[in-house]
Novice: 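Please see the structure below; I have some questions.
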Number of protein chains: 2
Amino acid sequence: MECLQANGYRLTNPRRITVEILANSKRPLNASEIYQLAKEQYAKIGLVSVYRTIEKLEELNLIQRVHKPEGCHAYIAGFTGHQHLLICTKCGKTEFFEGDDLQQLIARVSLESNFIIQDHWLTLFGICSDCQQKQSH
Amino acid sequence: MECLQANGYRLTNPRRITVEILANSKRPLNASEIYQLAKEQYAKIGLVSVYRTIEKLEELNLIQRVHKPEGCHAYIAGFTGHQHLLICTKCGKTEFFEGDDLQQLIARVSLESNFIIQDHWLTLFGICSDCQQKQSH
DNA sequence: TTTTTAATTGAAAACAATTTTCACTAATTA
DNA sequence: TAATTAGTGAAAATTGTTTTCAATTAAAAA
Ligand SMILES: [Mn+2]
Ligand SMILES: [Mn+2]
Ligand SMILES: [Zn+2]
Ligand SMILES: [Zn+2]
């Protein structure tokens, strides 16, 4: 909310609620999921406002689109700097990690392909500890 | 086409042309791009058949959806086994590479997060050699 | 505090992408 | 060759997202 305000945006109910939902979610949410949750707190919110808030939060790098095999329209909060995602394929729980060292790989691929490599996306998929326990029963 | 036939699908014009376009493309194409190209060879083809062929090729693992910042609705042919993509952000030219060794990283992240890590997505973005030359003029 | 203002809102309409329906066509089998 | 049935394309339906617009409301000004 501070960041929105600092960028000249007004602090409104639809924004507050959308931000709160995204900030508290451990898994990526899409517009309609946010909308369903938001209505519980603020019945008159419109889906359009959710879309518009997502757009602004993404511009300000406060949320990040998450690409998964099932779709790429969900967002997760908490992005800062160069990080990557670790996603539970059972419940969707998503964590960030960093410290990947791809320098050697990138150098090799660059040499073999004659590409100048500027960026990379890395996502790990697995089963979170909660879902491991549920599974073992 | 062989693989389609082996799986009980008929060899039709719409399929032949869609397959040919995807097989010959160096960059990922979406349904409507394939459709535009296909119409040049077979004017009466329908966009629906392109969608249906994409669906089957994806099921048979002959093509793969490509995730990019601009969107995730394009497909590239030639997927076999565990490989990753290298994409030119100028012209879209896409190559496969393999031999990434993420074992150490995966072990560390697994330990820190208590996830069992089962899969990963890695995509490198850069500038291909053609586009490097065009740029330097 | 009250008034002014312009950004923001939600409903509805518009738009875009994809899927479904259905009568017809054509690839394969007998 | 004829019979069968998968596959086709046009049109309609559906889904997800964006635009429009009059009304509302947060923030600035008085
Ligand atoms: Mn990295
Ligand atoms: Mn790999
Ligand atoms: Zn989980
Ligand atoms: Zn290029």
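Here is the naming used below: chain letters follow the sequence lines, and residue numbers restart at 1 for every chain.
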Novice: Measure the distance from CD on Gln36(A) to C1' on dG16(D) and round it to the nearest whole Å.
Specialist: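 Taking CD of Gln36(A) and C1' of dG16(D), I get 14 Å after rounding.
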Novice: In whole angstrom, what separates Asn30(A)'s CG from dT17(D)'s P?
Specialist: 7 Å
Novice: So does His73(B) get a side-chain nitrogen or oxygen closer than 4.0 Å to the phosphate oxygens (OP1/OP2) of dA16(C)?
Specialist: no
Novice: Round to the nearest Å and state the distance from Leu29(B) atom CG to dA17(C) atom C1'.
Specialist: 17 Å
Novice: Could you list by number each residue of residues 61-70 of chain A showing a heavy-atom separation from DNA chain D of less than 4.0 Å, or answer none if no residue does?
Specialist: none
Novice: Could you tell me the separation between the CD1 atom of Ile54(A) and the C1' atom of dT18(D), rounded to a whole number of Å?
Specialist: 13 Å
Novice: To the nearest angstrom, how far is Leu4(B) atom CG from dA6(D) atom C1'?
Specialist: 13 Å
Novice: Please identify each residue that fulfils salt bridge (charged side-chain N to carboxylate O under 4.0 Å, His left out) with Lys56(A), with sequence neighbours left out.
Specialist: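 Not a single residue meets the salt bridge (charged side-chain N to carboxylate O under 4.0 Å, His left out) criterion with Lys56(A).
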Novice: Without decimals, in angstroms, what is the distance between Leu47(A) CG and dG16(D) P?
Specialist: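 Going from CG in Leu47(A) over to P in dG16(D) covers 10 Å.
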Novice: Does any pair with a residue in residues 37-48 of chain B pass salt bridge (charged side-chain N to carboxylate O under 4.0 Å, His left out), and if so which ones, sequence neighbours excluded?
Specialist: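 Every pair satisfying salt bridge (charged side-chain N to carboxylate O under 4.0 Å, His left out) with a residue in residues 37-48 of chain B: there are none.
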Novice: Distance-only criterion, 3.5 Å: show the donor-acceptor pairs between side-chain atoms of residues 86-93 of chain B and protein atoms not counting sequence neighbours.
Specialist:
residue  : atom : partner   : partner atom : Å
Thr89(B) : OG1  : Gly126(B) : O            : 3.3

Novice: Check the distance between dA7(C)'s P and Asn7(A)'s CG and give it to me in whole angstrom.
Specialist: 15 Å
Novice: Quick one: side-chain hydrogen bond (donor to acceptor under 3.5 Å, both in side chains) pairs with a partner in residues 103-119 of chain B, sequence neighbours left out?
Specialist: Arg108(B)-Glu112(B)
Novice: Kindly state each residue pair satisfying side-chain hydrogen bond (donor to acceptor under 3.5 Å, both in side chains) with at least one member in residues 61-71 of chain A, sequence neighbours excluded.
Specialist: Arg65(A)-Tyr75(A)
Novice: Run the salt bridge (charged side-chain N to carboxylate O under 4.0 Å, His left out) test against Arg10(B) and tell me which residues pass, sequence neighbours left out.
Specialist: none
Novice: So how far is it from Leu4(B) CG to Leu57(B) CG, rounded to the nearest 0.5 Å?
Specialist: 5.5 Å
Novice: If a pair satisfies salt bridge (charged side-chain N to carboxylate O under 4.0 Å, His left out) and one of its residues is in residues 20-33 of chain A, list it, with sequence neighbours excluded.
Specialist: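 Counting only pairs at least two positions apart or across chains, the salt bridge (charged side-chain N to carboxylate O under 4.0 Å, His left out) contacts touching residues 20-33 of chain A are Arg27(A)-Glu33(A).
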Novice: Would you mind reading off the distance between Glu55(B) atom CD and dT19(C) atom C1', rounded to a whole angstrom?
Specialist: 9 Å
Novice: Based on the rotation axes of five pairs at each end, what angle does the helix from dT1(C)-dA30(D) to dA30(C)-dT1(D) bend through, to 10°?
Specialist: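 Helix axis angle between the two ends: 30°.
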Novice: With the side chain counted from C-beta on, respond yes when Trp121(A) and Trp121(B) share a heavy-atom pair under 4.5 Å apart, and no when they do not.
Specialist: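 The answer is no, as the side chains (C-beta and beyond) never meet within the 4.5 Å cut-off.
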Novice: Determine, for nucleotides 19-30 of chain D in 5'-to-3' order, which nucleotides have protein heavy atoms under 4.0 Å from the base (write B), from only the sugar-phosphate (write S), or from neither (write -).
Specialist: BB----BBS---
Novice: Look at the side-chain N and O atoms of Tyr51(B) and state whether any lies under 4.0 Å from the OP1 or OP2 oxygen of dT18(C).
Specialist: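 So the side-chain polar atoms of Tyr51(B) do come within 4.0 Å of the phosphate oxygens OP1 or OP2 of dT18(C), strictly under.
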Novice: Of all residues at least two apart in sequence or in a different chain, which pass the ring pair (Phe, Tyr, Trp, His ring centres under 6.0 Å) check with His73(A)?
Specialist: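 None.
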Novice: Can you run down the ring-ring contact (aromatic ring centres under 6.0 Å, His included) pairs that involve residues 4-52 of chain B, sequence neighbours left out, and say none if there aren't any?
Specialist: none
